[in-house]
Amino acid sequence: MEVTLATAALVFGIVAFGGFVTGVNGFGFAVVGTALLAATIGPQLAVVVMILPILAGNVSLVRELDRSSLRSCVRRFWPYVAAAAVGTAVGMVLLSAIPTGPLTLALGVFVLVYVAFSQPWVSIPGEGRFRAVCFTEGSGMKAALGLVSGVVFGASNVGVQVVAYLQSLRLDRSTFVGVVALIFLGISTVRVALAAWLGLFGGTDLLALSAVASLPGLVGVEAGKWVRPKIPQSSQQAATMGLLTLIGLRLTTRGIGL
């Protein structure tokens with residue numbers, strides 16, 4: 001990929017916006033940044049470019065957990081993180097083999113499914129039963145969910161399944177933000193090494209673009225964290241659901257060739 005000044009400016013702007021959304025909500029960096037980039041530079045390149053900004057953004061957010069909370073969360077969620085790391089490796093190996101059209105369509109569908117299950121206004125038939133059976137605290141279920149989540153995240157940067165699982169556990173707001181960051185930090189660290197080993201960065205241009213894009217991403221995260229207390233949570237949720245719906249619809253129609 002040849003990185004022009006216009007391309008770099010577009011990438012930096014999108015990454016900064018994704019960081020802002022994450023700073024406000026505690027999640028959304030990967031899906032917002034990847035989805036918007038996928039509509040401009042293609043899904044495979046978008047997944048790779050977002051690897052380092054996602055890692056940097058979650059380093060910033062995980063600091064919201066104090067040492068005691070961090071140790072507690074590591075003990076509680078290590079089966080999920082370990083399995084997700086394995087799944088991420090599988091997903092990244094699959095990334096180069098998935099055609100652009102199906103990957104774009106999958107991104108859109110994943111985003112829309114997340115919105116359907118996360119929005120609080122319309123009840124989804126069978127949702128309660130599904131959450132009760134699948135989203136449990138057992139180590140085996142955590143590992144199974146982590147493996148599936150990792151495969152999806154490794155191939156697409158979509159981590160909404162991770163967010164949906166943690167939301168089902170009814171964590172307080174600060175802990176939720178920290179745990180989301182902790183999980184993504186763990187699997188993103190694995191992704192950096194794998195991306196280099198698999199040659200996904202290609203030449204130095206793409207690696208440099210991903211690294212430099214981390215800076216506007218961090219600025220966006222800090223701006224979002226500053227704004228967070230000033231925006232009612234209901235407004236945050238409505239804005240995020242609306243944005244993700246638009247992104248999901250756009251990717252879905254693009255994936256089917258419309």
Side-chain angles (χ1 to χ4, degrees), residues 1-64 85 88-89 91-93 95-96 100 103-104 107 111 153-159 162 177 180-228 243-244 247 250-251:
M1 174 185 175
E2 182 181 354
V3 181
T4 64
L5 184 61
T7 300
L10 177 64
V11 169
F12 295 163
I14 289 174
V15 172
F17 179 68
F20 178 79
V21 171
T22 298
V24 172
N25 293 283
F27 65 92
F29 199 177
V31 66
V32 171
T34 303
L36 290 175
L37 285 176
T40 55
I41 64 175
Q44 282 89 353
L45 285 176
V47 171
V48 175
V49 167
M50 284 298 296
I51 288 176
L52 291 177
I54 291 170
L55 176 63
N58 285 300
V59 168
S60 174
L61 286 173
V62 81
R63 291 182 299 177
E64 297 194 16
T88 297
M92 292 185 71
V93 170
L95 176 61
S96 59
T100 298
L103 181 56
T104 303
L107 278 167
V111 172
F153 185 69
S156 66
N157 277 358
V158 173
V162 178
V177 171
V180 169
L182 176 67
I183 291 174
F184 283 126
L185 178 61
I187 56 181
S188 293
T189 302
V190 173
R191 296 179 80 219
V192 173
L194 278 171
W197 182 63
L198 294 170
L200 295 179
F201 286 115
T204 56
D205 285 355
L206 197 57
L207 176 60
L209 180 63
S210 181
V212 177
S214 300
L215 299 178
L218 286 173
V219 172
V221 170
E222 293 302 320
K225 287 165 65 175
W226 181 77
V227 168
R228 188 195 305 163
L243 174 64
L244 290 177
I247 292 173
R250 174 57 181 153
L251 288 172

Response to the item:
When every non-hydrogen atom of A35 is compared with those of L251, the smallest separation belongs to CB-CD1, 3.5 Å
Worksheet item: So, for V47 and A155, which heavy atoms are closest and what is the spacing to 0.1 Å?
Response: CG2-O, 4.0 Å
Practice prompt. Walk me through it: do L207 and L52 pass the test side chain to side chain contact (heavy atoms under 4.5 Å, CB included)?
Written response: CA-CA 9 Å; L207 176 60; L52 291 177; 4.0 Å; yes
Discussion item. With side chain to side chain contact (heavy atoms under 4.5 Å, CB included) as the criterion, how do M92 and T88 come out once you've worked through the C-alpha distance, each side chain's angles and the decisive distance to 0.1 Å?
Written reply: CA-CA 6 Å; M92 292 185 71; T88 297; 4.1 Å; yes
Worksheet item: Got a donor-acceptor contact below 3.5 angstrom from the T189 side chain to the L185 backbone?
Response: yes
Practice prompt. Sequence neighbours left out, what pairs pass side chain to side chain donor-acceptor pair (under 3.5 Å) with at least one residue falling in residues 10-22?
Written response: none
Practice prompt. Taking the side chain as every heavy atom from C-beta outward, state whether R191 and I54 have any atom pair closer than 4.5 Å.
Written response: yes
Worksheet item: Looking only at heavy atoms, which two atoms of A85 and I187 are closest? And how far apart?
Response: N-CG2, 3.6 Å
Practice prompt. Before giving the answer on side chain to side chain contact (heavy atoms under 4.5 Å, CB included), spell out for L37 and L45 the whole-Å C-alpha distance, their side-chain angles and the decisive distance to 0.1 Å.
Written response: CA-CA 8 Å; L37 285 176; L45 285 176; over 6 Å; no
Worksheet item: Looking only at atom types and distance, does a side-chain atom of S214 sit under 3.5 Å from a main-chain N or O of A211, one as donor and one as acceptor?
Response: yes
Worksheet item: S210 and V48: which non-hydrogen atoms are nearest, and at how many Å?
Response: OG-O, 3.8 Å
Worksheet item: Roughly how far, to the nearest 0.5 Å, is CG of L55 from CZ of F184?
Response: 12.5 Å
Discussion item. Minimum heavy-atom separation for T34 and A46, please, with both atom names.
Written reply: O-CB, 3.6 Å
Side chains of residues 9-21: which donor-acceptor partners sit under 3.5 Å, not counting sequence neighbours?
none

